[in-house]
2 protein chains.
Amino acid sequence: MGKQLSGSGRRATGSVGVRDVAKAAGVSTATVSRALNQPHQVSEELRKHVASVAAELNYIPDPAARALSSQKTFRIGALIPTIANSIYSRFVEALQRRLRQSGYSLVLANYDFDESLEMEEAQALVESGIDALVLAGEQRSPELYDLLNRRKIPYLLISIYLPDSPHRCVGYDNRAGAEAMTRYILELGHREIGVLEGPSGINDRARLRTKGIMDALKDFGVTLPATRITGRSFSVHNGREGLAELLEAAPEITAVICGNDVLAIGALMEAQARGLTVPEDLSICGYDGLDIAQDMVPQITTVHVPTAQMGLKTAESLVTLLSGEETPHSVLIETRLVPGGSTAPPRSR
Amino acid sequence: MGKQLSGSGRRATGSVGVRDVAKAAGVSTATVSRALNQPHQVSEELRKHVASVAAELNYIPDPAARALSSQKTFRIGALIPTIANSIYSRFVEALQRRLRQSGYSLVLANYDFDESLEMEEAQALVESGIDALVLAGEQRSPELYDLLNRRKIPYLLISIYLPDSPHRCVGYDNRAGAEAMTRYILELGHREIGVLEGPSGINDRARLRTKGIMDALKDFGVTLPATRITGRSFSVHNGREGLAELLEAAPEITAVICGNDVLAIGALMEAQARGLTVPEDLSICGYDGLDIAQDMVPQITTVHVPTAQMGLKTAESLVTLLSGEETPHSVLIETRLVPGGSTAPPRSR
DNA sequence: TCGCTTTATGTAACCGGTTACATAAAGCAT
DNA sequence: ATGCTTTATGTAACCGGTTACATAAAGCGA
């Protein structure tokens with residue numbers, strides 16, 4: 001008795017374990033583990049020998065056993081509002097690809113901008129075992145932050161740049177981008193402006209964009225009556241509805257600033273449906289720089305956000321963090337204004 | 001000595017373990033485990049007692065330990081070409097939501113239609129520990145199927161319906177849908193038809209759609225010269241390029257059948273950029289039924305695929321399968337033709 | 001009341017890795 | 001050659017749950 005471990009008492013999974021590899025290679029299990037994970041701790045020839053035996057036996061370490069004893073899962077959670085918007089799907093793709101390169105898997109959850117659902121999903125992710133968590137934006141129930149701190153799970157906020165926040169982040173300045181866009185519109189000469197903002201109630205990114213718009217308008221002394229601003233959650237359909245509402249209430253507007261490209265595409269479609277020519281009759285601009293918006297006719301003026309790059313930076317930051325090294329508290333992703341054919345000076349009258 | 005397990009020798013994670021709960025509740029670890037996982041095996045009052053103690057201590061079972069001893073990870077992998085196309089992102093969202101309801105997490109990987117990358121990612125997913133895997137389409141290296149069979153990891157193919165395949169699937173009939181669409185175009189009176197197909201080389205769904213188109217054309221005795229068919233990978237930009245190519249080579253065409261809605265949107269944009277009126281000058285149709293295509297002006301005629309429903313069915317099938325029960329080998333997702341304003345009879349001349 | 005089945009609970013051996021600690025071998029200055 | 005440090009390897013105790021098996025209690029028909 002005593003040696004009743006793997007290699008004897010196994011059947012369900014016909015898989016080989018460290019003990020099998022150890023026996024076959026004529027070494028101890030510790031050596032096998034070290035040869036595979038801390039190669040510099042064993043002699044080169046032994047390392048090669050163990051590696052070849054392991055390969056021959058088709059050895060795959062059991063991830064659960066590894067996680068249990070090492071206390072690392074090599075899994076990272078990402079809690080994303082919705083991947084149906086390509087701003088997030090591109091991010092997730094890049095994040096996943098880069099994480100894999102460092103040996104991490106991505107566990108994805110989405111909550112469709114529902115705060116309580118986000119909390120539930122976060123709880124579930126934590127209970128499923130993750131080394132770190134990615135969250136979108138800063139605004140959420142403090143309980144979630146408490147949970148993560150209590151469980152000592154590092155986390156990173158994305159899509160938002162907050163150098164003064166207690167939380168780490170990798171993101172961009174939503175307010176500044178929207179301000180730059182609004183200035184651009186104002187400098188084209190527009191003064192009768194409509195705003196089709198995002199779902200500002202629940203989304204700090206959307207709110208910051210609205211703030212940027214307001215800042216620029218104020219700077220130019222342009223006022224925004226309540227009839228010239230409306231909000232919708234992000235969808236092409238809502239973009240159409242939103243523009244329709246604005247045009248009913250304020251047909252004199254010459255430009256519409258949209259909370260993102262999806263709303264802008266909707267607005268563009270609605271304008272076409274109403275026989276308005278863009279940009280001659282109405283200028284439209286968005287935010288995010290989605291590929292599809294860049295291929296619209298006319299091309300939609302937007303603030304380009306390099307989300308794939310944000311995914312890379314996020315992954316790198318997390319990997320560094322989990323390796324125990326220091327990493328910047330906040331990383332700024334640069335955005336840039338991309339003028340397109342959807343904006344032009346207002347028709348002179 | 002002997003009782004040196006959790007509750008004494010722990011510090012790194014200040015977390016409580018079964019042994020702590022057991023001690024606090026005055027029962028054995030087995031009872032705790034059973035009270036929490038097989039409630040019917042313990043008396044109701046004990047169950048409640050254990051549950052309350054566990055809640056009070058804020059007990060969260062270690063997922064790695066659970067996975068190690070139970071040989072179930074409660075994680076499901078999904079290997080998706082790209083979530084940047086909302087046909088997949090909607091699917092993934094629904095899949096994840098439904099899986100969570102049954103206690104499973106979703107581990108996501110994407111491979112951008114690159115077969116060798118798919119194999120790598122699959123390997124990594126398997127090594128990361130999953131109970132089952134979701135794959136898109138059937139066509140891939142047999143090695144991948146071998147790997148899964150060897151590791152006894154159940155898998156499910158999506159986006160494709162193959163009652164005769166050895167593999168389980170939840171999907172729809174790509175060929176039939178495309179055939180129906182083509183018939184619709186033909187019945188409108190079009191005979192000068194262009195085809196803008198998907199990346200048929202690497203994608204069995206795209207190939208089946210092309211086959212459906214060809215079947216219908218043949219049925220109507222319409223031939224398709226090589227100049228009237230071109231292929232592109234799925235993007236709006238490629239849709240524009242593709243239509244440009246077709247119009248250069250065959251300006252006489254009155255309708256273009258596209259491999260999916262994304263290409264169709266691109267074609268629509270290109271038509272507009274060229275001053276062609278859709279559908280009067282050119283009819284355009286797509287496939288998938290993306291929201292955005294439904295909100296285009298004109299609305300794009302398409303074959304609607306209920307991907308969210310496919311996500312639900314996929315999740316349910318997997319959960320059933322993993323619970324040991326039987327589940328249908330193949331599940332058909334019904335699609336339907338949705339006529340829009342982007343198609344009309346050809347201009348009579 | 002006896003004996004048999006059913007139900008509830010406890011004991012401890014797993015699951016399959018990692019790693020602290022012990023030990024042996026090798027390197028090296030004196 | 002001696003003693004000390006460094007390097008390579010082995011032994012076995014973990015990690016924290018689950019569950020087979022044993023046992024005790026309860027139910028029940030004759």
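Just so it is clear: chains get the letters A, B, ... in the order the sequence lines come, proteins before strands, and each one is counted from 1.
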Mind calculating the distance between [atom1] ([X]) and [atom2] ([N]) to the nearest angstrom?
{"X": "B:D62", "N": "D:dG16", "atom1": "CG", "atom2": "C1'", "result": "6 Å"}
{"X": "B:Q71", "N": "D:dA20", "atom1": "CD", "atom2": "P", "result": "12 Å"}
{"X": "B:R47", "N": "C:dT7", "atom1": "CZ", "atom2": "C1'", "result": "17 Å"}
{"X": "B:D20", "N": "D:dC15", "atom1": "CG", "atom2": "P", "result": "11 Å"}
{"X": "B:L68", "N": "D:dG17", "atom1": "CG", "atom2": "C1'", "result": "8 Å"}
{"X": "B:R19", "N": "D:dT18", "atom1": "CZ", "atom2": "P", "result": "11 Å"}

Please confirm whether the backbone N or O of [Y] pairs with a side-chain atom of [X], one donor and one acceptor, at under 3.5 Å?
{"X": "A:Q96", "Y": "B:N110", "answer": "yes"}
{"X": "A:R75", "Y": "A:S128", "answer": "yes"}
{"X": "B:N37", "Y": "B:S33", "answer": "yes"}

Residue list, side chain to side chain contact (heavy atoms under 4.5 Å, CB included) with B:F74, at least two apart or on another chain: B:K72, B:Y104

Residues in contact with DNA chain C, drawn from residues 48-56 of chain A - heavy-atom cutoff 4.0 Å: none

Pairs flagged by side chain to side chain donor-acceptor pair (under 3.5 Å) wherever residues 314-324 of chain B is involved - sequence neighbours left out: B:R98-B:E316, B:S317-B:T327, B:S323-B:E325

5'-most by nearest nucleotide on DNA chain C - B:V27 or B:A65: B:V27

Watson-Crick or G-U wobble partner of C:dA22, both distances under 3.5 Å: D:dT9

Side-chain N or O of A:Y59 closer than 4.0 Å to phosphate OP1/OP2 of C:dG17: yes

N or O in side chain of A:S28 less than 4.0 angstrom from D:dG10 OP1/OP2: yes

Within 6.0 angstrom of A:Q101 CD, more than 12 heavy atoms from elsewhere: yes

More than 12 heavy atoms from other groups under 6.0 Å of CD on A:Q38: yes

For DNA chain D, the residues among residues 30-46 of chain B that have a non-hydrogen atom under 4.0 Å from it: B:A30, B:S33, B:R34, B:N37, B:Q38

ring-ring contact (aromatic ring centres under 6.0 Å, His included) involving B:Y155 - partner list, sequence neighbours excluded: B:Y145, B:H167

By ring-ring contact (aromatic ring centres under 6.0 Å, His included) - contacts of B:H329 (at least two apart): none

